[in-house]
Amino acid sequence: MKKNVLALSIAAMIGGLGFAGAASAVVLNGGVGGMTASNATVMEETSSGVGHNLYVPYFNVQDGNMTVLHVVNTDQVNGKAVKVRFRGAANSDDLFDFQVFMSPGDVWTAAISAGADGIAQIVTADNTCTVPALTSGVNQSFFTNRLNPAATDSGKAAQTREGYVEIFNMADIPVNAAPTSLYTAIKHVANVAPCSVAGSAARTRLNTIATTDFGDAGAGVPAAPAAAEAAAFAAGFNTPTSGLMGDWYIINVPNTTTFSGGATAVVAKVAAGGVAGRANFVHFPQSDTPVVGGINNFTADPLLRGPLPIVVAGNYDLPDMSTPYVSIVTDPIAQASSLTAALAVKSITNEYANDAGIAAKTDWLFSMPTRRYSVAANYAVLRTAPNYRVFTALTSPWFVPANTSVDADGKICVKAESQTFFNREETTPGATTPGPVFSPSTPGVTPVVQFCGETSVLSFADAGNSVMAATVARQNLVSGTYTNGWGTIATDNGGVGLPIVGSAFIKLTNGAARTGTSGTYGINWPHRFTK
């Protein structure tokens with residue numbers, strides 16, 4: 001659904017003058033109106049790959065690349081109401097978001113590619129229902145109106161072609177055999193979800209439920225928690241449990257290269273190191289109604305927070321990764337702080353290969369899923385203005401004025417402390433051996449890795465078309481490393497680390513491959529971290 005910032009701003013101004021009430025969206029703990037009480041107290045990244053929320057560290061549709069997503073509901077009892085949001089690589093601006101309603105055991109798939117106009121687009125052939133509806137086989141373009149308005153049309157299009165994906169289980173959909181229930185609307189029958197049939201009663205019912213504000217008692221008056229919960233429960237929802245699993249791959253057919261991985265999974269647990277529990281109900285209407293009151297209860301995003309938000313949030317902006325999701329948290333700043341601490345690392349280690357004999361190239365990807373909740377870019381002012389970087393004060397200084405800067409393209413940056421590279425025979429640069437040089441750098445100043453952009457790419461020894469053909473948030477290491485080896489980047493950041501996930505992408509080419517045989521290969525290895 002397109003986000004008209006001007007229209008939202010006007011609506012907010014009218015609301016401020018008293019002609020419209022504040023939006024009444026709500027987060028529910030359960031236990032007072034039919035839903036099962038939430039019991040989760042902590043969120044943790046899990047190596048199991050199955051959780052309440054998922055994070056896909058990178059999508060890329062540059063230079064013929066296509067990114068394909070798979071989301072699996074491993075819960076064989078409950079359906080899931082899932083929010084999917086694509087954010088841009090530069091400053092994590094919202095590019096496209098919608099809701100997916102998955103039946104038990106369901107899989108939803110979609111492919112992202114570049115359209116003829118250069119803007120990223122999404123297409124699915126899936127019968128799983130979405131709101132708004134993604135018509136099977138029809139491409140839907142991403143939006144550019146949350147990007148920097150000073151950018152050219154081609155520049156905005158380029159910024160839609162790289163980024164990352166957030167996936168949230170907003171609510172469970174428990175079994176209900178009634179013909180008019182939400183569960184019956186989404187439950188597949190002969191491989192088809194009834195709500196996928198345009199114009200059907202099931203589709204109408206789904207649209208109505210997905211756009212209902214259960215926290216609104218009418219005329220903008222907030223509903224009491226018990227009443228809001230009772231309404232959401234009657235509509236077919238329950239507090240969310242774990243069960244989401246995700247996978248991704250980036251494929252380039254002309255170059256016969258594929259990279260793949262599993263989504264990072266975050267699970268809401270009943271205690272640190274404990275079992276998965278129930279989280280808070282966080283289904284928000286998929287509507288453009290401005291959230292002009294109470295927004296600080298729902299997000300730590302510094303552009304959306306009041307009292308004078310820089311960007312007026314619509315209901316579709318929620319939930320995000322800072323929306324209070326566990327039972328003991330009511331403040332999104334505390335939620336964002338807890339999740340950032342869970343993802344923070346103090347060093348990043350991986351391998352690289354640049355062997356000319358096999359035309360090897362290497363890119364390292366660094367993705368920071370929670371940076372948006374500490375700092376965001378204010379496009380209403382020049383990038384050199386002191387208030388271009390807008391901060392939310394989280395509980396630890398992961399991203400603050402002292403450790404961030406802005407590059408020439410307007411991307412917010414944070415520096416690592418240092419980096420060390422080795423060859424495969426234990427050798428590392430010493431007093432007489434040059435260390436790595438990063439481009440661009442300042443002569444006479446020891447260069448270090450900068451993470452410029454929320455999702456950034458470090459290309460090894462290749463200033464041209466690198467492995468992923470990244471352009472939005474890219475830095476080149478042009479000399480000083482060995483042909484093949486490994487390296488470590490220090491991200492201690494005063495003892496609190498940086499919230500980074502990612503991997504190495506290595507491309508190899510066999511020049512002796514005979515005609516008709518693929519000679520190009522892709523390898524990707526996840527980064528190794530210290531906490």
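Both backbone and side-chain heavy atoms feed into the values below; hydrogens, waters and symmetry mates do not.
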Heavy-atom pair of closest approach, residues Ala334 and Val329
CB-CG1, 4.2 Å

Check: Ala89 main-chain N/O paired with Gln159 side-chain donor or acceptor under 3.5 Å:
no

Are side-chain N/O atoms of Asp320 and Ser322 paired as donor and acceptor at under 3.5 Å?
yes

Can you confirm whether Phe59 sits close enough to Val68 that some side-chain heavy atom of one is under 4.5 Å from a side-chain heavy atom of the other?
no

Going by atom types alone, do Thr520 and Asn255 pair a side-chain donor with an acceptor below 3.5 Å?
no

Would you list the pairs meeting side chain to side chain donor-acceptor pair (under 3.5 Å) in which at least one residue belongs to residues 81-90, sequence neighbours left out?
Lys83-Asp97, Lys83-Gln286, Arg85-Glu166, Arg87-Glu166

Hey, what do you get for OG1 (Thr404) to CZ (Arg371), rounding to the nearest 0.5 Å?
8.5 Å

Do Ser367 and Tyr55 meet the criterion of a side-chain donor-acceptor pair at a distance under 3.5 Å?
yes

State whether a side-chain donor-acceptor pair under 3.5 Å links Tyr58 with Asn60.
yes

Cut-off 3.5 Å, side chains only: do Asn465 and Asp63 have a donor facing an acceptor?
yes

Roughly how far, to the nearest 0.5 Å, is the OG atom of Ser405 from the NZ atom of Lys411?
11.0 Å

Mind checking whether Thr491 and Ile348 have side chains closer than 4.5 Å, heavy atoms only?
yes

Within the distance-only criterion (no hydrogens, no angle test), does the side chain of Asn423 pair as donor or acceptor with the backbone N or O of Glu426 below 3.5 angstrom?
yes

Who passes side-chain hydrogen bond (donor to acceptor under 3.5 Å, both in side chains) against Asn139, sequence neighbours left out?
none

What heavy-atom pair brings Lys531 and Val345 nearest, and what distance separates the two atoms?
NZ-CG1, 4.0 Å

Under 3.5 Å, side chain of Thr152 to main-chain N/O of Gly155, donor-acceptor pair present?
yes

Could you tell me if Asp106 and Asn73 have a donor-acceptor pair between their side chains, going purely by distance under 3.5 Å?
no

Within residues 99-136 or reaching into it, pairs that qualify as ring-ring contact (aromatic ring centres under 6.0 Å, His included) - sequence neighbours excluded
Phe98-Trp108

Output, in order, the C-alpha distance, side-chain angles, deciding distance and verdict of side chain to side chain contact (heavy atoms under 4.5 Å, CB included) for Phe143 and Asp94.
CA-CA 8 Å; Phe143 300 116; Asp94 193 351; over 6 Å; no

Would Met102 and Val72 satisfy side chain to side chain contact (heavy atoms under 4.5 Å, CB included), going step by step from the backbone distance to the final call?
CA-CA 9 Å; Met102 305 184 72; Val72 183; 5.7 Å; no

Phe259 side, atom CZ; Asn524 side, atom CG - distance, nearest 0.5 Å
6.5 Å

Looking only at atom types and distance, does a side-chain atom of His52 sit under 3.5 Å from a main-chain N or O of Met170, one as donor and one as acceptor?
no

Residue pairs involving residues 110-139 (criterion ring-ring contact (aromatic ring centres under 6.0 Å, His included); sequence neighbours excluded)
none

Point-to-point distance, once rounded to the nearest 0.5 Å, from OH of Tyr249 to OG1 of Thr67:
10.0 Å

Which atom pair, heavy atoms only, marks the closest approach of Asn350 to Pro526?
ND2-O, 3.3 Å

Indicate whether any N or O donor in one side chain lies under 3.5 Å from an N or O acceptor in the other, for Thr264 and Glu45.
no

Thr392 side chain vs Ala300 backbone, donor-acceptor pair below 3.5 Å
yes

Under 3.5 Å, is there a donor on one side chain and an acceptor on the other for Asn169 and Asn53?
no

Evaluate the salt bridge (Lys or Arg N to Asp or Glu O under 4.0 Å) criterion for residues Arg383 and Asp409: first the C-alpha distance (whole Å), next the side-chain angles of each, then the deciding distance (0.1 Å), finally the verdict.
CA-CA 8 Å; Arg383 66 174 179 81; Asp409 296 321; over 6 Å; no

Check the pair Val449 / Gln475 against side chain to side chain contact (heavy atoms under 4.5 Å, CB included), numbers first and verdict last.
CA-CA 8 Å; Val449 172; Gln475 185 175 188; 4.1 Å; yes

From CG (Leu304) to CD1 (Ile310), nearest 0.5 Å
9.5 Å

Let's go through Val267 and Val50 carefully: what are the C-alpha distance in whole Å and the side-chain angles of both, what is the deciding distance for side chain to side chain contact (heavy atoms under 4.5 Å, CB included) to 0.1 Å, and is it a yes or a no?
CA-CA 7 Å; Val267 63; Val50 178; over 6 Å; no

Would you kindly say whether Tyr164 and Glu454 are connected by a side-chain donor-acceptor distance under 3.5 Å?
yes

Side chains of Lys269 and Met43: closer than 4.5 Å at any heavy-atom pair?
no

Scan residues 361-412 for pairs that pass ring-ring contact (aromatic ring centres under 6.0 Å, His included), counting only residues two or more places apart or in two chains.
Trp364-Phe460, Trp364-His527, Phe366-Phe451, Phe366-His527

Looking only at heavy atoms, the pair that brings Val326 and Ala268 closest together is CG1-CB, 4.2 Å

Does any donor atom in the side chain of Ser347 or Thr488 lie under 3.5 Å from an acceptor atom in the other side chain?
no

Asn91 vs Ile412 side-chain heavy atoms within contact, under 4.5 Å
yes

4.5 Å side-chain heavy-atom contact, Lys361 and Phe505:
no

Got a list of side-chain donor-acceptor pairs under 3.5 Å for residues 117-126, not counting sequence neighbours?
{"residue": "Asp117", "atom": "OD1", "partner": "Ile119", "partner atom": "N", "Å": "3.1"}
{"residue": "Gln121", "atom": "NE2", "partner": "Ser113", "partner atom": "OG", "Å": "3.3"}
{"residue": "Thr124", "atom": "OG1", "partner": "Thr109", "partner atom": "O", "Å": "2.7"}
{"residue": "Thr124", "atom": "OG1", "partner": "Asp126", "partner atom": "N", "Å": "3.0"}
{"residue": "Asp126", "atom": "OD1", "partner": "Thr128", "partner atom": "N", "Å": "2.9"}
{"residue": "Asp126", "atom": "OD1", "partner": "Thr128", "partner atom": "OG1", "Å": "2.8"}
{"residue": "Asp126", "atom": "OD2", "partner": "Thr109", "partner atom": "N", "Å": "3.0"}

For Thr340 and Ser337, indicate whether the former's side chain and the latter's backbone hold a donor-acceptor pair under 3.5 Å.
no

Side chains of Thr370 and Leu343, heavy atoms from C-beta outward: is any pair under 4.5 Å?
yes

Is it the case that the side chains of Ser459 and Asp363 hold a donor-acceptor pair, with the cut-off being a distance below 3.5 Å and no angle test?
yes

Does Glu417 reach the main-chain N or O of Asp492 with its side chain, forming a donor-acceptor pair under 3.5 Å?
yes

Please work out whether the ring planes of Phe86 and Phe96 are parallel, tilted or perpendicular, with thresholds of 30° and 60°.
tilted

With a 3.5 Å distance limit and no angle check, can you tell me whether Ser338 reaches the backbone of Gln335 through a side-chain donor-acceptor pair?
no

Just wondering, do Pro57 and Leu365 contact through their side chains at under 4.5 Å, heavy atoms?
yes

Examine the side chains of Asn476 and Arg474 and answer whether a donor and an acceptor come within less than 3.5 Å of each other.
yes

Nearest heavy-atom approach of Leu394 to Ser374 is CD1-OG, 3.1 Å

We want to know whether Lys80 and Thr241 form a side-chain donor-acceptor pair, criterion being a heavy-atom distance below 3.5 angstrom.
yes

State the OG-CG distance between Ser260 and Asp247, to the nearest 0.5 angstrom.
8.0 Å

For Val496 against Ser396, the heavy-atom pair lying closest together:
CG1-CB, 4.0 Å

